[in-house]
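This one's a predicted model, so the numbers in the text were calculated from it and none came from an experiment. Below, all heavy atoms of this structure are taken into account, side chains as well, without hydrogens, waters or symmetry copies.
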Amino acid sequence: MSFESRLLSARARAETLMVSTVRIVRASGQEFDEETGKYTSTETEVYTGPARIRFSGSQPQERDAAGERVVDQLPTVSLPIATSGNVRVDDVVIIATNPPDPTTVGTRMRVAGIHAQTHSTARRLPVEVVSRG
């Protein structure tokens with residue numbers, strides 16, 4: 001078996017763990033609403049599909065920043081390599097379905113960094129929770 005076929009096989013196995021579905025959107029501008037007289041943000045969808053959502057470690061890491069308690073949970077969203085290459089930092093991940101924990105549906109997370117790795121089996125993006133579903 002060639003290395004390339006082993007890598008494709010490993011990616012297929014990684015995708016079997018992606019039982020949740022996410023939408024990823026990017027801010028694309030503003031639109032004027034004639035009825036309200038206000039501008040609203042517009043979004044462009046850049047990815048829809050399977051994902052795996054993980055929070056590293058079972059316990060949040062607490063630290064003190066300028067006298068305020070801050071909790072780092074280090075969440076990661078894993079996506080298939082082949083279909084998620086256009087996701088960028090600051091895009092917003094919205095959990096559409098999550099069968100193991102439906103209470104997370106609607107949660108929004110901001111992509112905080114990129115994932116670049118030789119021979120990666122999934123695109124593992126660090127994210128920050130923006131709002132709970």
Ile114: hydrophobic cluster co-members (side-chain, 4.5 Å)
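Direct or chained contacts put Ile114 with Val89.
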For Met18, the rest of its hydrophobic cluster, which grows through side-chain links under 4.5 angstrom
none
Nearest 0.5 Å, what's the OG1-CZ distance between Thr16 and Arg13?
8.5 Å
Rounded distance (nearest 0.5 Å) linking atom CD1 of Ile94 with atom OG1 of Thr21:
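Rounded to the nearest 0.5 Å, the CD1-OG1 separation comes out at 13.0 Å.
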Looking at residues at least two apart in the chain, or sitting in another chain, which of them share a side chain to side chain donor-acceptor pair (under 3.5 Å) with Asn98?
Ser20, Thr104
Only counting residues at least two apart or in another chain, list the ones meeting side chain to side chain donor-acceptor pair (under 3.5 Å) with Ser28.
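Side chain to side chain donor-acceptor pair (under 3.5 Å) check on Ser28 returns Thr42, Thr44.
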Mind running side-chain contact (heavy atoms from CB on, under 4.5 Å) on Met109 and Val77 for me, showing each step along the way?
CA-CA 9 Å; Met109 299 173 279; Val77 172; 3.9 Å; yes
Would you confirm whether Asn86, through its side chain, and Val46, through its main-chain N or O, come within 3.5 Å as a donor-acceptor pair?
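Yes; judged by distance alone, with no hydrogens or angles, the pair exists.
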Keeping Ser120 on the side-chain end and Gln117 on the backbone end, is there a donor-acceptor pair under 3.5 Å?
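No; zero donor-acceptor contacts below 3.5 Å.
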Set of salt bridge (charged side-chain N to carboxylate O under 4.0 Å, His left out) partners for Arg108, sequence neighbours left out
Glu43
Any pair with a residue in residues 111-133 that passes ring-ring contact (aromatic ring centres under 6.0 Å, His included), sequence neighbours left out, goes on the list, sorted by first then second residue, please.
Phe3-His119
Selection residues 75-94 - residue pairs positive for ring-ring contact (aromatic ring centres under 6.0 Å, His included), sequence neighbours left out:
none
For residues 31-38, which side-chain N or O atoms pair as donor and acceptor with protein atoms under 3.5 Å away, sequence neighbours left out?
{"from": "Asp33", "atom 1": "OD1", "to": "Glu35", "atom 2": "N", "distance (Å)": "2.9"}
{"from": "Asp33", "atom 1": "OD1", "to": "Thr36", "atom 2": "N", "distance (Å)": "3.4"}
{"from": "Thr36", "atom 1": "OG1", "to": "Lys38", "atom 2": "N", "distance (Å)": "3.3"}

Would you mind writing out the side-chain donor-acceptor pairs for residues 123-133 within the sub-3.5 Å range, not counting sequence neighbours?
{"from": "Arg123", "atom 1": "NE", "to": "Ser84", "atom 2": "O", "distance (Å)": "3.3"}
{"from": "Arg123", "atom 1": "NE", "to": "Ser84", "atom 2": "OG", "distance (Å)": "2.8"}
{"from": "Arg123", "atom 1": "NH2", "to": "Ile81", "atom 2": "O", "distance (Å)": "2.9"}
{"from": "Arg124", "atom 1": "NH1", "to": "Ala122", "atom 2": "O", "distance (Å)": "3.3"}
{"from": "Arg124", "atom 1": "NH2", "to": "Thr121", "atom 2": "OG1", "distance (Å)": "3.0"}
{"from": "Glu128", "atom 1": "OE1", "to": "Arg110", "atom 2": "NE", "distance (Å)": "3.3"}
{"from": "Glu128", "atom 1": "OE1", "to": "Arg110", "atom 2": "NH2", "distance (Å)": "2.5"}
{"from": "Glu128", "atom 1": "OE2", "to": "Arg110", "atom 2": "NH2", "distance (Å)": "3.4"}
{"from": "Arg132", "atom 1": "NH2", "to": "Thr103", "atom 2": "OG1", "distance (Å)": "3.4"}

Using a 4.5 Å cut-off on heavy atoms from C-beta on, say whether the side chain of [Y] contacts that of [X].
X     : Y      : result
Val19 : Pro50  : no
Val87 : Val111 : yes
Val22 : Leu79  : yes

Can you establish whether the number of heavy atoms outside Arg88 located under 6.0 Å from its atom CZ is more than 12?
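It does not: Arg88 CZ has 12 such atoms or fewer within range.
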So the salt bridge (charged side-chain N to carboxylate O under 4.0 Å, His left out) pairs with at least one residue in residues 93-106 (sequence neighbours excluded) are none
Does anything in residues 16-27 pair up under salt bridge (charged side-chain N to carboxylate O under 4.0 Å, His left out), and if so which pairs, sequence neighbours excluded?
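Salt bridge (charged side-chain N to carboxylate O under 4.0 Å, His left out) check on residues 16-27 returns Arg23-Glu45, Arg26-Asp91.
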Return the minimal non-hydrogen interatomic distance between Ala96 and Val105, and the atom names on each side.
O-CG1, 3.4 Å
Can you see which heavy atom on Thr83 is nearest to which on Tyr47, and at what distance?
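Scanning both residues completely, I find the closest heavy atoms to be O-CD1, 3.4 Å.
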Tell me, please, which residues at least two apart from Ser5 pass side-chain contact (heavy atoms from CB on, under 4.5 Å).
Met1, Ser2
